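Structure first, then comments.
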Amino acid sequence: MAIITLLEAINQALDQSMEKDNSVVLFGEDAGFEGGVFRVTAGLQKKYGEERVFDTPIAESAIIGSAIGMAMNGLKPVAEIQFDGFLFPGYTDLVTHAARMRNRSRGQFTVPMVVRVPHGGGIRALEHHSEAIETLLGSIPGLKVVTPSTPYDAKGLLIAAINDPDPVVFLEPKRIYRAGKQEVPAEMYEIPLGKAKVVKQGTDITVVAWGAIVREVEKAAKLVEAEGISVEIVDLRTIAPYDEETVLASVKKTGRFMVVTEAVKSYGPAAELIAMVNEKAFYSLEAAPVRFTGFDITVPLARGEHYHFPQPERIAFELKKLAKVRP
Amino acid sequence: MIAKKYDASKDKQFQILDQNGKVVNEKFEPNLPKETLLKMYKTAVLGRSADIKALQYQRQGRMLTYAPNMGQEAAQIGVAAAMEPQDWNSPMYRELNLQLYRGVTLESVFLYWYGNERGSIRPDGVRVLPTNIIIGSQSNLAAGLAMASKIRKQPEVTVFTIGDGGTAHGEFYEGLNFAATYNAPVVAVIQNNQYAISTPVRKASKSESLAQKGAAFGIPFVQVDGNDMLAMYVVAKEAMDRARKGEGPTLIEAFTYRMGPHTTSDDPSIYRTKEEENEWAKKDPIARFKTYLINKGYWSEEEEAKLVEDVNNEIGETFKKVESYGAKVELMEIFEHTYAEMTPQLKEQYEDMKKYLEGAK
């Protein structure tokens, strides 16, 4: 097994999927010749040619809309949106067609495609380059939304997303593209969509997180461990449809529940998860659940970003507060 | 090439049949077999009659919102007749005649407007996407369908249709620009019926013609008399052939008129005059095509009377059939097609509703 980064794992998943299946095509702004602005698709055009790996005009609506057409006509398109905040021009196509075509045609026309989106903050980028938009994606019926937090998961989830019969938005935590390495099997494997993973066992508090934030929560858990607080961390992995079972089992064990995300607080995914826990595990709770999220603000530019992005110290602070609550 | 010859920014519209059904451009008269010409005509009569009936049904409270096509039969059928069975349509919502010609059944069209998604299911091999209510995006889907044909090396062409109003939409440009850049086999047809609901073309575009927008994509473009079945066919055929040969998209503007309301919720008398409507009535696409067929000896008033009777019977029977089952939707139907497999959340929501309907206490 090779030790590789999350970015390399994604490249490997794309490479192997293209090698195995001729119908997989890959495209986006600068995604062909250059290999994308993050170089995620580097080397693939050279290997598979300009017919299967190509650059598109700067037109997100056309990128997503044409991916839908390709998916309906026998290809498995993997479209790249350059940055999270650039998705919006293509959002219409995602909502009005990708997510609905199966239902609209009672299963006759389907859209097996993947939209890859570098996602979230923490890289000191410009405006529109650091958005956490899972709220806007997770609430679209017909769409699946997936995000990995490790190289191993990135490869397995992306392969599963490409093989999925429905449209999947694959959010890539750009902050940790190259942040760490992990052993990743050379062969192809799938991690099923819709399944969360307990990344750390614990007994006192359940924390659900996803993407780049999982690492921050892991750091925070270490900080509070010294004070005798045992945190169980659940990496959601699939934001929609999410794994209720794993979350509920953990909450029933610990009795305390916190969601940590850089997405907005109001109407966000943390609110959704807490509503679900309240509905289904209310009597297992020993304290009111906590949303620790990004603020309900426009993501600040680089110099103010640290306030907004959940940092380990502040996550630890919130964990300690929650641990102290007594019924 | 017609598209070059009739530069819409300089020249007049391309026409073969004038409004009296007289061939005025003999050089271009297509040599279509009698049966094809009659299929085109009969489809138009069926489409026109179905529109009239659907409006009546709606007034009787039997039909929901309906968007009639009256006046645009030639613009739709001329294009459909130029297509091969393996070709794709990425349509807009006002597309009855094109759908009928391509093999979509009247029953499914009625079922769709009756408010039932099963009306979007196509017969096997009929490559017409479901009715597209949202404006503009059919251009993007067409670019994708055509890119797939090109990549998979299939001899398919994708036709997308859009209204004059739709050309104001960003997606019209994005999709067509993409298709043009990659020489994807696309034919773009603007049905310029003069109005986007109540907004006339002159308040939505400063272009002299909508066809000339093709110049910006570097593709051939042409404005056609959209009420001329033969002109529409000839131009569409040329564009289809070009696309199939790998020469890329063509933009066709069918200059036509929506003789009816935008939908059953619309009252055109608010925004246009009787005089204008009467002027366009003289250009009726079906009347002039009928004259052409009669002059050719392919059609007669006796056959016409028989056809109208048959068509009206067919429409009445079809609608009754739709009424007999179209209002019934099983609960599972609204859940089961959201994903290939129902999610745990959907299963739970379905079960809850089912228990409630079964009288849970």
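Please read these numbers as outputs of a predicted model, since none were measured by experiment. Below, each value reflects all heavy atoms present in this structure, side chains not excepted, and no hydrogens, waters or symmetry copies. Lettering of chains follows the sequences in order, A, B, ..., and the numbering in each one begins at 1.
- Within the 4.5 Å cutoff, the side chain of A:Met18 has heavy atoms near those of the A:Val53 side chain.
- With a threshold of 4.5 angstrom between heavy atoms, A:Pro57 approaches chain B through side-chain atoms but not through N, CA, C or O.
- When each of B:Ala179, B:Ala148, B:Ala184 is checked for heavy-atom pairs under 4.5 Å with chain A, B:Ala148 comes out on top.
- Looking at every heavy atom in both residues, B:Thr158 comes nearest to B:Ala146 through OG1-N, 3.7 Å.
- In this structure, CG on B:Leu129 lies 10.0 Å from CD on B:Gln138, to the nearest 0.5 angstrom.
- No part of A:Glu245 comes within reach of chain B, as not one of its non-hydrogen atoms sits under 4.5 angstrom from that chain.
- The contact between B:Ile151 and chain A is made by backbone and side chain atoms together, counting heavy-atom distances below 4.5 Å.
- When every heavy atom of A:Ala270 is checked against every heavy atom of A:Thr261, the shortest pair comes out as CB-CG2, 4.1 Å.
- Around NZ of A:Lys195, the count of heavy atoms belonging to other residues, nucleotides or ligands within 6.0 Å does not exceed 12.
- The choice from B:Gly175, B:Pro130, B:Gly136, B:Gly170 that makes the most heavy-atom pairs within less than 4.5 Å of chain A is B:Pro130.
- For A:Met276, no part lies near chain B; criterion is any non-hydrogen pair under 4.5 Å.
- Contacts between B:Ser139 and chain A at a heavy-atom distance below 4.5 Å are absent for every atom of the residue.
- Residue contact with chain B, scored on non-hydrogen atoms closer than 4.5 Å, involves the backbone and the side chain of A:Glu51 alike.
- Taking each heavy atom of B:Val187 and B:Ala243 in turn, the nearest pair found is CG2-CB, 4.4 Å.
- Separating the NE2 atom in B:His337 from the CE atom in B:Met332 is a distance of 9.5 Å, to the nearest 0.5 Å.
- Heavy-atom distances place the side chain of A:Thr96, and not its backbone, under 4.5 Å from chain B.
- Taking OH of B:Tyr173 as the reference point, atom OG of A:Ser61 lies at 13.5 Å (rounded to 0.5 Å).
- Residue contact with chain B, scored on non-hydrogen atoms closer than 4.5 Å, is absent for A:Leu193.
- Heavy-atom distances place the side chain of B:Glu156, and not its backbone, under 4.5 Å from chain A.
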